[in-house]
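Counting starts at 1 for both ligands and their atoms, following the listed order.
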Amino acid sequence: MTDTIDAVAADRALKAKHRAVWGLGDYPSVARDLIPELGRVLVAATGVRRGERVLDVAAGTGNAAVPAALTGAEVVASDLTPELFPAGRAFAARTGAELTWEEADAEALPYADASFDVVLSCVGVMFAPHHQQAADELVRVCRPGGRIGLVSWTPEGFVGEMFRTMKPYAPPPPPGAQPPPLWGDEQHVRGLLGDRVTDVVARRQSVTVSGYASPEAWRDSWKQVYGPTIATYRAIGDDPARVAALDHDLAALAERYDRGSGSTVLDWEYLVLTARRT
Ligand SMILES: C[S@@+](CC[C@H](N)C(=O)[O-])C[C@H]1O[C@@H](n2cnc3c(N)ncnc32)[C@H](O)[C@@H]1O
C-alpha cells in the first residue's frame with residue numbers, strides 16, 4: 001500500500017518536472033517557426049475528415065490539433081503543460097479553427113474507452129516516460145476501426161542525436177523512463193501497439209530547418225527556446241567547463257548536419273506511422 005502511494009507521488013513529481021521543462025523557453029516559437037509542417041503532415045497521413053472525433057495527445061500549441069480542426073473535425077487538444085494553451089488558442093484564432101483544450105497526462109488519459117475516431121500525436125507522446133503505458137492509452141481511447149497517427153523524431157536523425165549529445169550533461173532519468181526517440185523506431189512502436197492494430201504504415205521523412213547564420217547561431221537560439229535543452233544547461237550551470245563542452249558538442253552536431261552554404265540548413269528526420277485499431 002505504502003509502495004503504491006510512493007509510486008503515485010513519484011509519478012506526480014516526475015510529471016510536474018516534465019510540465020515545468022516544457023514551460024521553459026519558448027516552445028510556441030519552435031512549433032510556429034521551425035516545425036509547423038509536421039502537424040499538417042500527420043493530419044494528412046491519418047486522413048482526418050469533417051465530423052470525426054479527434055484527440056491530439058501532447059498537443060502543445062496545436063501543431064496537429066489546429067489543422068485537424070480546420071478539416072471540420074471535432075478536436076480535443078490535450079497536453080501535460082497547459083501553459084502552452086494560450087499560444088495554442090491564439091494560433092487557433094488566427095486560423096479560424098475551433099477546438100477544445102484540456103490538460104491531460106498521456107499515460108492516464110481522462111477519456112472513456114473508444115471515445116475517438118482518430119488519435120494523433122505529433123512529436124508529443126514520445127516524451128511521456130513510460131512508453132507501454134502511453135501506447136496502451138492511445139489504443140484504449142481509439143474506437144475499433146479508428147486510426148492512430150504518430151510523428152516521432154527518429155533515433156538516428158538530428159533530434160535523436162541531439163538528445164544523445166545532451167545525455168551525458170543531463171541528470172540521469174528516473175528508473176523505468178525510456179528515451180523519447182525510441183518512438184521514432186518503427187519496430188519499437190509496432191511492439192508497443194502489438195496486435196491491437198492492423199494496417200501499420202510507416203515512412204521516414206525530414207523537415208528542413210534553416211535561417212541560422214551558423215551552427216553556433218542555431219545552438220544559441222535553441223538553448224533559449226527548447227525546454228529540454230534549457231533544463232540540461234541549468235543542470236550544469238555551476239560548471240563553466242561543462243557548459244563550454246555542451247556548447248561545443250551541440251555546435252559540432254549542427255555543423256555535421258549542416259548542408260547550407262552561407263547559412264545553416266538542417267534536415268531533421270522523423271517517422272510518420274499510422275495504424276488502424278482492430
Ligand atoms: C515537442 S512538444 C510537441 C508539441 C506539439 N505536438 C507539436 O507538434 O508542436 C512535446 C509536448 O509533449 C508534452 N508532454 C510531455 N510529456 C507529456 C505527458 N506525459 N503527457 C502529455 N503531454 C506530455 C509537452 O508538454 C509538450 O507540449
### Query
For ligand 1, which part of Phe127 has a heavy atom less than 4.0 Å away: the side chain, the backbone, both, or neither?
both

### Query
Less than 4.0 Å between a side-chain N and a carboxylate O, is that true for Glu37 and Arg40?
no

#### Entry: Nearest non-hydrogen protein atom, atom 23 (C) of ligand 1
Leu80 CB, 3.6 Å

### Query
How long is the span from the CZ atom in Phe116 to the CG atom in Asp56, to the nearest 0.5 Å?
10.5 Å

### Message
Quiz question: by atom type and distance under 3.5 Å, do the side chains of Thr264 and Trp218 form a donor-acceptor pair?
### Response
no

### Query
What residue among Trp183, Phe127, Phe163, Trp268 forms ring pair (Phe, Tyr, Trp, His ring centres under 6.0 Å) with Trp153?
Trp268

### Query
What are the atoms of ligand 1, with element, lying closer than 4.0 Å to any heavy atom of Ala128?
19 (N)

### Query
Can you tell me if Glu102 and Ser78 form a side-chain donor-acceptor pair at under 3.5 Å?
no

### Query
To which protein heavy atom is atom 9 (O) of ligand 1 closest, and what is the distance rounded to 0.1 Å?
Tyr27 OH, 2.6 Å

#### Entry: Region of Ala104 that comes within reach of ligand 1 [heavy atoms, distance under 4.0 Å]
backbone

### Message
Could you check whether Asp249 and Thr165, counting side-chain N and O atoms only, form a donor-acceptor pair closer than 3.5 Å?
### Response
no

### Task
Please determine, by modelled atom types, if Asp26 and Tyr226 share a side-chain donor-acceptor pair under 3.5 angstrom.
no

### Message
Among all the protein's non-hydrogen atoms, which is closest to atom 26 (C) of ligand 1, and how far away is it?
### Response
Asp79 OD2, 3.6 Å

### Task
Report the nearest protein non-hydrogen atom to atom 19 (N) of ligand 1: residue, atom name, distance rounded to 0.1 Å.
Asp105 OD1, 3.0 Å

### Query
Quick check: does Tyr226 get an N/O under 3.5 Å from an N/O on ligand 1?
no

### Message
Could you tell me if Asp136 and Gln132 have a donor-acceptor pair between their side chains, going purely by distance under 3.5 Å?
### Response
yes

### Message
Is there a continuous path of hydrophobic side-chain contacts, each under 4.5 Å between heavy atoms, that joins Val201 to Val43?
### Response
no

#### Entry: Whether Gly39 lies under 4.0 Å from ligand 1, heavy atom
no

## Note on the structure
of all protein heavy atoms, closest to atom 14 (N) of ligand 1 is Ala58 CB, 4.0 Å

### Query
Given that the side chain starts at C-beta and the backbone is N, CA, C, O, which of these parts of Ala134 lies under 4.0 Å from ligand 1, counting heavy atoms, or is it both or neither?
neither

### Query
Can you find an N or O of Glu107 that's nearer than 3.5 Å to an N or O of ligand 1?
no

### Query
What is the closest protein heavy atom to atom 6 (N) of ligand 1, and at what distance does it sit?
Cys122 O, 2.7 Å

### Query
Taking heavy atoms and a distance under 4.0 Å, where does Leu84 meet ligand 1: side chain, backbone, both or neither?
side chain

#### Entry: Flag for Asp247-Tyr233: side-chain donor and acceptor within less than 3.5 Å
yes

### Query
Counting both backbone and side chain atoms, is some N or O of Lys15 under 3.5 Å from an N or O of ligand 1?
no

### Task
Please could you name the atoms of ligand 1 that Ala31 approaches to less than 4.0 Å, counting only its heavy atoms?
9 (O)

### Message
Tell me the protein heavy atom at minimum distance from atom 20 (N) of ligand 1, and give that distance in Å.
### Response
Ala106 N, 2.8 Å

### Query
Can a donor-acceptor pair be found between the side chains of Glu137 and Tyr111 at a distance below 3.5 Å?
no

### Summary
shortest atom 1 (C) of ligand 1-to-protein heavy-atom contact is with Val123 O, 3.2 Å

